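A, B, ... follow the sequence lines: proteins, then strands. Residue 1 opens every chain. Source: prediction; values computed, not measured. The basis for the numbers below is simple: all heavy atoms, side chains too, and nothing from hydrogens, waters or symmetry mates.
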Amino acid sequence: SAVISQKPSRDICQRGTSLTIQCQVDSQVTMMFWYRQQPGQSLTLIATANQGSEATYESGFVIDKFPISRPNLTFSTLTVSNMSPEDSSIYLCSVEGTRGGTYEQYFGPGTRLTVT
Amino acid sequence: QQQVKQSPQSLIVQKGGISIINCAYENTAFDYFPWYQQFPGKGPALLIAIRPDVSEKKEGRFTISFNKSAKQFSLHIMDSQPGDSATYFCAASPYSGAGSYQLTFGKGTKLSVIP
């Protein structure tokens, strides 16, 4: 399996500011995925980050609000820009790893963001 | 349009009993079906996953049953324990090559196992 770490684990931010979340993987991966989980809700895919190209955003998410960097095969950042209380969520990084010889999808521990 | 429908929303099971959670999907392009377990304050942890070339997969106390024609899959937790109390999410994704999973999640089932 892939070992994924995220920083920060949690943060409380003021409205109008921005927060950059880091995701580090212990092995090289082609694609990294960013998900959002609003309080008590399910997970929603924000974007797919492929090293060396622009991230691909899902419907309802835009680059100006959630810029993503993918400088190498083990690292990515997601920035939540101009935050509002509606951005309070858990943000999760996800990558593919192998288990028992098959490819599976793994998640990091998440970054719990509260916007006041 | 919700592409993965999960039920029930919550479930209470006695210790030692069987917990059953069901999911149904609409997109016939889906061919990877994982289940995740999430404890409060933690990220989702992969429990078990299945691909449509098999109808059942078992790992320890956890079993996935898959019905391709009905577009349904379910998670069975045998001998449920209080430590299994968590939220369970089913998910589905098409798969078109290494690293290309884009998961669509069900809304989750909160399982409580009572002693």
Side-chain donor-acceptor pair present, A/Gln37, B/Gln38, cut-off under 3.5 Å
yes
Has B/Lys110 got a side-chain atom pairing as donor or acceptor with B/Thr87's backbone, closer than 3.5 angstrom?
no
Taking distance alone, no hydrogens or angles, what donor-acceptor pairs closer than 3.5 Å link side-chain atoms of residues 8-17 of chain A to residues at least two apart or in another chain?
unit_1: A/Thr17; atom_1: OG1; unit_2: A/Gln14; atom_2: O; d: 2.6

Over 60° means perpendicular and under 30° means parallel, so classify the ring planes of B/Phe73 and B/Trp35, tilted if in between.
perpendicular
Parallel under 30°, tilted from 30 to 60°, perpendicular over 60°: which one fits the rings of B/Phe105 and A/Phe107?
perpendicular
Tell me, side chain or backbone of A/Leu43 under 4.5 Å from chain B's heavy atoms, or both, or neither?
both
Flag for A/Thr30-A/Gln51: side-chain donor and acceptor within less than 3.5 Å
no
Would you mind telling me which of B/Asn22, B/Leu103, B/Val4 makes a side-chain contact (heavy atoms from CB on, under 4.5 Å) with B/Cys90?
B/Val4
Between A/Trp34 and A/Ser94, do the side chains contain a donor N or O and an acceptor N or O under 3.5 Å apart?
no
Using a 4.5 Å heavy-atom cutoff, which residues in residues 57-69 of chain B come close to chain A?
B/Lys57, B/Glu59
Measuring heavy-atom distances to chain B, does A/Glu104 have an atom under 4.5 Å in its side chain, in its backbone, in both, or in neither?
both
Taking non-hydrogen atoms and a cut-off under 4.5 angstrom, which of residues 52-62 of chain A neighbour chain B?
A/Glu58
Are side-chain N/O atoms of A/Ser18 and A/Thr79 paired as donor and acceptor at under 3.5 Å?
no
Close aromatic pair by centroid cut-off 6.0 Å: B/Phe33 and B/Tyr25:
yes
Could you list which of residues 41-55 of chain B have a heavy atom closer than 4.5 Å to any heavy atom of chain A, in residue-number order?
B/Gly41, B/Lys42, B/Gly43, B/Pro44, B/Leu46, B/Leu47, B/Ile48, B/Ala49, B/Arg51
